[in-house]
Undergrad: 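One structure, pasted below without further comment.
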Amino acid sequence: MLKPETIMRLKKFVSDRDWDQFHSPANLAKSISIEANELLECFQWDEENYSLDNVKEELADVMTYCLDLAMKLNLDVDQIINDKMTKNENKYPLNKAKGVATKYDKL
């Protein structure tokens with residue numbers, strides 16, 4: 001899904017600006033939260049009429065910081081997503097969770 005050229009572009013962007021020194025795991029996690037709140041702000045007063053362009057920009061910011069954090073921690077994004085999906089499939093079995101928004105501990 002994510003092209004290797006895109007990952008290299010992200011790495012080059014940070015490297016060219018000498019920003020790696022600021023990209024501690026904690027700082028990147030904070031940045032993810034900040035950008036996620038900016039994404040949420042796109043829907044703050046009207047969940048129906050929002051700017052798709054603004055949503056795309058904020059979503060890209062969130063995803064960029066998530067990838068930066070994964071790279072900083074030398075994590076395989078595909079692996080951690082699949083590991084979490086396995087846990088989610090166990091927590092939310094299809095026969096109990098289909099069509100309901102109930103939290104796993106209440107199923």
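Computation of the quantities below employed the complete heavy-atom set of this structure, encompassing side-chain atoms and omitting hydrogens, waters and symmetry-equivalent molecules.
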Undergrad: In Å and rounded to the nearest 0.5 Å, what is the CE to CG distance from M71 to L28?
TA: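 Atom-to-atom, M71:CE and L28:CG are 9.0 Å apart.
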
Undergrad: Take atom CD of Q21 as the centre, draw a 6.0 Å sphere, and report whether it contains more than 12 heavy atoms from other residues, nucleotides or ligands.
TA: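 Yes.
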
Undergrad: Keeping the roles fixed (side chain from T64, backbone from A60), state whether a donor-acceptor pair exists under 3.5 Å.
TA: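 Present.
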
Undergrad: Hey, mind stepping through V55 and S51 against side-chain contact (heavy atoms from CB on, under 4.5 Å) and telling me if it holds?
TA: CA-CA 6 Å; V55 169; S51 166; 6.0 Å; no

Undergrad: Give a yes-or-no answer on whether the side chains of E58 and N54 include a donor-acceptor pair shorter than 3.5 Å.
TA: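 Checked: E58/N54 side chains show no N/O donor-acceptor pair below 3.5 Å.
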
Undergrad: For the CG atom of L59 and the SG atom of C66, what is their distance to the nearest 0.5 Å?
TA: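 If we round to the nearest 0.5 Å, L59:CG and C66:SG are 9.5 Å apart.
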
Undergrad: Same hydrophobic cluster for L39 and I34, using side-chain heavy-atom links shorter than 4.5 Å among ILVMFWY?
TA: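 Each belongs to a different hydrophobic cluster.
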
Undergrad: Would you compute the distance between atom CD1 of I81 and atom CG of D76 and round it to the nearest 0.5 angstrom?
TA: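 Reported to 0.5 Å precision, the distance equals 9.0 Å.
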
Undergrad: Is there a path of hydrophobic side-chain contacts, each under 4.5 Å between heavy atoms of I/L/V/M/F/W/Y residues, joining M85 to V77?
TA: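 In one cluster: yes.
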
Undergrad: Is atom NZ of K91 surrounded by more than 12 heavy atoms (other residues, nucleotides or ligands) closer than 6.0 Å?
TA: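 Atom NZ in K91 is crowded, with more than 12 foreign heavy atoms closer than 6.0 Å.
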
Undergrad: Output the distance between atom CG (L67) and atom CD1 (I32), rounded to the nearest 0.5 Å.
TA: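 Separation between the atoms: 9.0 Å.
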
Undergrad: Should side-chain heavy atoms under 4.5 Å link Ile, Leu, Val, Met, Phe, Trp and Tyr, which residues sit in the same cluster as W19?
TA: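 Hydrophobic cluster check, W19: joined to F13, V14, F22.
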
Undergrad: Run the salt-bridge test on K72 and D20 with the 4.0 Å N-O cut-off and return the result as yes or no.
TA: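 Salt bridge: yes.
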
Undergrad: Distance from Y50 atom OH to C42 atom SG, nearest 0.5 Å?
TA: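 Here the rounded value is 10.0 Å.
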
Undergrad: If only atom types and distance count, is the side chain of T86 paired as donor or acceptor with the main-chain N or O of N82 below 3.5 Å?
TA: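 Yes, the answer is positive, given that a donor and an acceptor are paired below the 3.5 Å cut-off.
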
Undergrad: When rounded to the nearest 0.5 angstrom, what distance separates OG in S15 from CG in L10?
TA: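 The OG atom of S15 sits 12.5 Å away from the CG atom of L10.
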
Undergrad: Can you give me every donor-acceptor pair (side chain of residues 98-107, partner residue at least two apart or in another chain, under 3.5 Å) with its distance?
TA:
none

Undergrad: Before giving the answer on side-chain contact (heavy atoms from CB on, under 4.5 Å), spell out for E41 and Q44 the whole-Å C-alpha distance, their side-chain angles and the decisive distance to 0.1 Å.
TA: CA-CA 5 Å; E41 190 175 33; Q44 184 174 8; 3.6 Å; yes

Undergrad: Can you name the nearest heavy-atom pair linking L73 to P25, along with the distance?
TA: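 Residues L73 and P25, closest heavy atoms: CD2-CG, 3.7 Å.
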
Undergrad: Tell me if the CZ atom of F43 is crowded by more than 12 foreign heavy atoms within 6.0 Å.
TA: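 Result for CZ/F43: enclosed.
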
